[in-house]
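Since the structure comes first, as structure tokens, the remarks are kept for the end.
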Amino acid sequence: MTFRSRLFATVALPVLSTVLIATPTLADALTKPFEVAQENTGEGQPSEEELLLQQQQQQQDDAQRAAEDAEKAASEQKAAEEEAQRAAGEEQQRQADEQKAAEDAEKAASEQKAAEEEAQRAAGEEQQRQADEQKAAEDAEKAASEQKAAEEEAQRAASEEQQRQADEQKAAEDAEKAASEQKAAEEAEKAASEQKAAEDEAKRAAEDEQKAAEEQKPAEDQQAEQPVQQQDGSAEETTTSEQPSIEEGEKPAVAGEETPAETGTDQPATAETGEAPAGEPVVETLTEEQKQEIAEDPSKTDETVVLPVENGAAVLDSDKDADKAGGRKGREDRRKQREELRAQEEAVPVPDTDDSAQADISEEVREAVPGKIEAAIKEEGERVEKAPDFAVPETTNIINNTVINNTIVNNNTVNNTTIDNSVTEVNVVEQVENRTVLEVGDQLIVRGDDRPRLRRDSEEVFYDNLARDRVRETITRPGGVRIVTIYNRYGDIIQRSRVGRDGREYILVYAPELEGDAPRPGLVDVGYELPPMRLRIPVSDYIIDTSSEPDRDFYEFLSEPPVERVERVYSIDEVKHSARLRDKVRRIDLDTITFATGSAEVPMSQARTLRSVAEAMQKVLDKDPGETFLIEGHTDAVGADKPNLVLSDERAESVASLLTEVYGVPPENLQTQGYGERFLKVRTDTAEQQNRRVTIRRVTTLVRPMAKAN
């Protein structure tokens, strides 16, 4: 009940009732004397004075009664007011109690919320602590694994060294034994010859005395025979020393290792010819000024172009491989080949557009590509529940025609012979998360799986099995953008397209040679079939170091065409595994990102240095969303090959993820590959910061047909 209702019930209602009751009573009192007077008329009627007194008495009684009623009403009104005041106090107290209760409830809710937030924070800290502990455990396990691998590698190397020393010692003993036996045979033969000569001399002397000339002839014959014997022995020794050594200074030709083709120099290097052995290391004799002069205009020389810095390695990665495989002799052979090809190459100008770089690709091939890709995207397939596991090939065909001198191939010595379609075993060395380390001959290659990076932040991913052992992956991004990739059974990309919200399709990668049962060249360096490259533009227009040229127009640089004609469309794996193909396109060395030794993490302070390059890449993609960039990871020469190879691939992936997550470069436009310590920028076996780097190249013109220019 409200305060107003209580006031009405306790004060107003009693007063109103009193008034209503008092009014008829007063009227009855006023009329009663007249009624009495009428009743007493005629008999015993009082006098006027009595009537007046009675009337006054009655009035006094009525007034007294009214006063009492008024006093009673006032008392009741006062009681009502007190009741109302008490009710108002109670109401105020109730409201105060309710307000206090609300404040207490609010305070309790606030305390509960604070307690929940504290519990949530504690849970987050506990989760972070557990994550840190797990990461620390994984790092420790990884370090232990790497240490174990290093120990195994060291043990294997020690065992091989011990075996090599034992083989050398045995070979030396065998050679010494053979020489001893040969010497004994020669001495026995010489003794027999001398004995026979003595017997003949005695026989001739016993028969008769001949003339002085005839008696002198046996002595002359003996004097003439001795030089012949010495000459024969000398010739035999020379022949023995001229046998080429297969065990020393020779390496078998393997897939993935770029040994320069020997054109016009088919004779093996021997002591007789006076040529330097293939394994003799390259020693730079040019001064820094001469190196700088060559770097400014490499087209004027046929020599290998090197970086004009202290201990600078060759500018072209294919030349770095050749220097390691062929040494000084290999470099000289390549110089001769460049000299022979100079006139032919100068007749073909350096491409000025992407279209002119693909002039050797027919128009029929270019026109057929969109239809083939669209048919593959729409091809009916069988939906599968999960992402497929790709096969690792047991062998791979080497489809190159390479001249090999004095090289062991499958335990057979081949001299001055062209090797066609040799088969080299491919072995799985180690599986590290989503990376597989393969041994192809004596070359280690790391193959990564970029599907987790492409699937990040996707709305839907599904797979379909297609004919001819192909798999189609479809990734749907927010907004309706689709990334469609078709793989062969080994995980090589046959084609990859980006379908926009408007349904327009952009081709990123196209390699129809990988379909069906065609020979699989993915792990083979198809650059073997190409002659050595002649760099015909300044080194500063071929390589950019972000630290020394921060104000360079990276967009203009990335938009430049290849520096050499492109013979055909290559698969992305062919490009990854051929330094000769990658040399066709320019590169940006991200030397502003300095990795710590053994680390693939990019500090955020250095990540900001990527902004200008990332913006240039995004600008290129705004013009053509089908562009493809290759991110290459490298290490220095400290440590074992296998962990360095994996580390370099992790560095490439770190930069690719950074470009996507921080700067918004789509992941499907980025390919990654690690090369370990294979392509050093500075030739040194010690720790060198410049060798721990990441390189970016635009490889679009190598992996897809370009639209014909109007």
Side-chain angles (χ1 to χ4, degrees), residues 258 295 297-299 304-305 314-321 338 341-342 344-363 365-366 369 507-511 513 525-544 552-589 613 616-617 619-621 623-624 626-632 669-671 673 679 695-709:
E258 298 162 319
D297 189 1
S299 64
T304 296
V305 182
V315 171
L316 302 177
D317 284 351
S318 57
D319 280 338
K320 295 175 185 176
D321 266 348
R338 290 190 179 103
L341 295 171
R342 173 185 286 273
Q344 178 181 345
E345 291 182 350
E346 288 181 349
V348 180
V350 177
D352 56 357
T353 64
D354 287 339
D355 179 37
S356 64
Q358 289 190 345
D360 294 337
I361 301 176
S362 67
E363 185 63 23
V365 171
R366 301 194 200 195
V369 169
I507 303 170
L508 281 77
V509 176
Y510 179 65
E513 289 82 2
D525 183 1
V526 297
Y528 273 126
E529 60 196 28
L530 302 177
M533 180 174 167
R534 288 182 64 244
L535 186 62
R536 292 185 287 166
I537 65 172
V539 173
S540 59
D541 291 338
Y542 182 73
I543 303 175
I544 289 182
R552 188 75 175 266
D553 189 340
F554 297 114
Y555 168 70
E556 180 181 356
F557 184 84
L558 288 174
S559 301
E560 291 290 340
V563 298
E564 187 184 49
R565 294 272 283 268
V566 179
E567 299 75 22
R568 63 176 175 87
V569 177
Y570 296 95
S571 73
I572 189 63
D573 287 294
E574 286 177 327
V575 173
K576 288 181 177 181
H577 299 305
S578 175
R580 180 64 179 84
L581 295 183
R582 296 193 303 276
D583 284 342
K584 290 177 177 289
V585 293
R586 308 159 205 253
R587 74 174 192 249
I588 298 177
D589 284 350
V613 177
M617 296 171 68
K619 192 174 180 181
V620 171
L621 291 173
K623 185 177 180 181
D624 182 359
E627 297 279 359
T628 297
F629 300 94
L630 178 61
I631 315 297
E632 307 171 11
N669 298 103
L670 304 176
Q671 293 282 337
Q673 181 63 44
F679 302 111
T695 293
I696 296 179
R697 304 180 198 253
R698 184 177 74 96
V699 298
T700 308
T701 47
L702 303 179
V703 298
R704 75 161 203 206
M706 304 299 295
K708 192 73 175 178

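The chain is numbered in sequence order, starting from 1.
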Check your understanding: Can you tell me how far CG of Leu621 sits from CG of Leu670, rounded to the nearest 0.5 angstrom?
Key -> 8.0 Å

Practice item. Report yes or no: does Gln358 contribute a side-chain atom to a donor-acceptor pair with the main-chain N or O of Arg704 at less than 3.5 Å? Key: yes

**Study point:** CA sep, side-chain torsions, deciding dist, call: Val575, Arg697, side-chain contact (heavy atoms from CB on, under 4.5 Å)
**Key:** CA-CA 11 Å; Val575 173; Arg697 304 180 198 253; over 6 Å; no

Review point. Do Lys320 and Asp317 meet the salt-bridge criterion of a basic N to acidic O distance under 4.0 Å?
Key: yes

Review point. Any sub-3.5 Å donor-acceptor pair from Arg552's side-chain atoms to Phe557's backbone N or O?
Key: no

Practice item. Give the intermediate values and the outcome of side-chain contact (heavy atoms from CB on, under 4.5 Å) for residues Leu316 and Tyr542. Key: CA-CA 10 Å; Leu316 302 177; Tyr542 182 73; 3.5 Å; yes

Check your understanding: Is Glu627 reaching over with its side chain to a backbone N or O of Asp624, donor-acceptor style, under 3.5 angstrom?
Key -> no

Check your understanding: Hey, what do you get for OG1 (Thr353) to CE (Met706), rounding to the nearest 0.5 Å?
Key -> 9.0 Å

Exercise for review: Mind checking the CD1-OG1 spacing from Ile544 to Thr695? Nearest 0.5 Å is all I need.
Suggested key: 12.0 Å

Revision key, fill the gap. Taking every heavy atom of Thr701 against every heavy atom of Val566, the minimum-distance pair comes out as O-CG1, 3.9 Å

Point to revise | Residue pair Met617 / Ile588, side-chain heavy-atom distance below 4.5 Å | key: no

**Study point:** Exercise: identify the closest heavy-atom pair between Pro561 and Pro351
**Key:** CG-O, 3.5 Å

Review point. Is there a side-chain contact between Asp321 and Phe679, using heavy atoms and a 4.5 Å cut-off?
Key: yes

Practice item. Would you please say whether a donor-acceptor pair under 3.5 Å links the side chains of Asn669 and Thr628? Key: no

Exercise for review: Go through the steps to decide whether Glu346 and Arg534 satisfy the test side-chain contact (heavy atoms from CB on, under 4.5 Å), and finish with yes or no.
Suggested key: CA-CA 10 Å; Glu346 288 181 349; Arg534 288 182 64 244; 4.3 Å; yes

**Study point:** Residue from Ile361, Val348, Val350 passing side chain to side chain contact (heavy atoms under 4.5 Å, CB included) with Arg565
**Key:** Val348

Point to revise | Whether Arg342 side chain and Ser299 backbone form a donor-acceptor pair below 3.5 Å | key: yes

**Study point:** Euclidean distance, Leu702 CG relative to Leu630 CG, rounded to 0.5 Å
**Key:** 9.5 Å

Point to revise | Salt bridge Lys584-Asp354, side-chain N to carboxylate O under 4.0 Å | key: no

Review point. Roughly how far, to the nearest 0.5 Å, is CZ of Arg698 from CD of Glu560?
Key: 9.0 Å

**Study point:** Taking every non-hydrogen atom, the tightest pair across Val539 and Leu535
**Key:** CG2-CD2, 4.3 Å

Study note, to complete from the structure: Nearest heavy-atom approach of Leu508 to Val703 is O-CG2, 3.7 Å

Exercise for review: Could you tell me which non-hydrogen atom of Val526 sits nearest to which non-hydrogen atom of Glu529, and how far apart they are?
Suggested key: O-CG, 2.9 Å

Check your understanding: Pick one: which of Arg587, Lys576, Arg582 meets salt bridge (charged side-chain N to carboxylate O under 4.0 Å, His left out) with Glu632?
Key -> Arg582

Review point. Does the Arg586 side chain pair with the main chain of Ser559, one donor and one acceptor, at a distance under 3.5 Å?
Key: no

Exercise for review: Give, for atom CE of Met533 and atom CG of Asp319, the distance between the pair rounded to the nearest 0.5 Å.
Suggested key: 9.5 Å

Revision key, fill the gap. When every non-hydrogen atom of Ser318 is compared with those of Ala579, the smallest separation belongs to N-CB, 3.7 Å

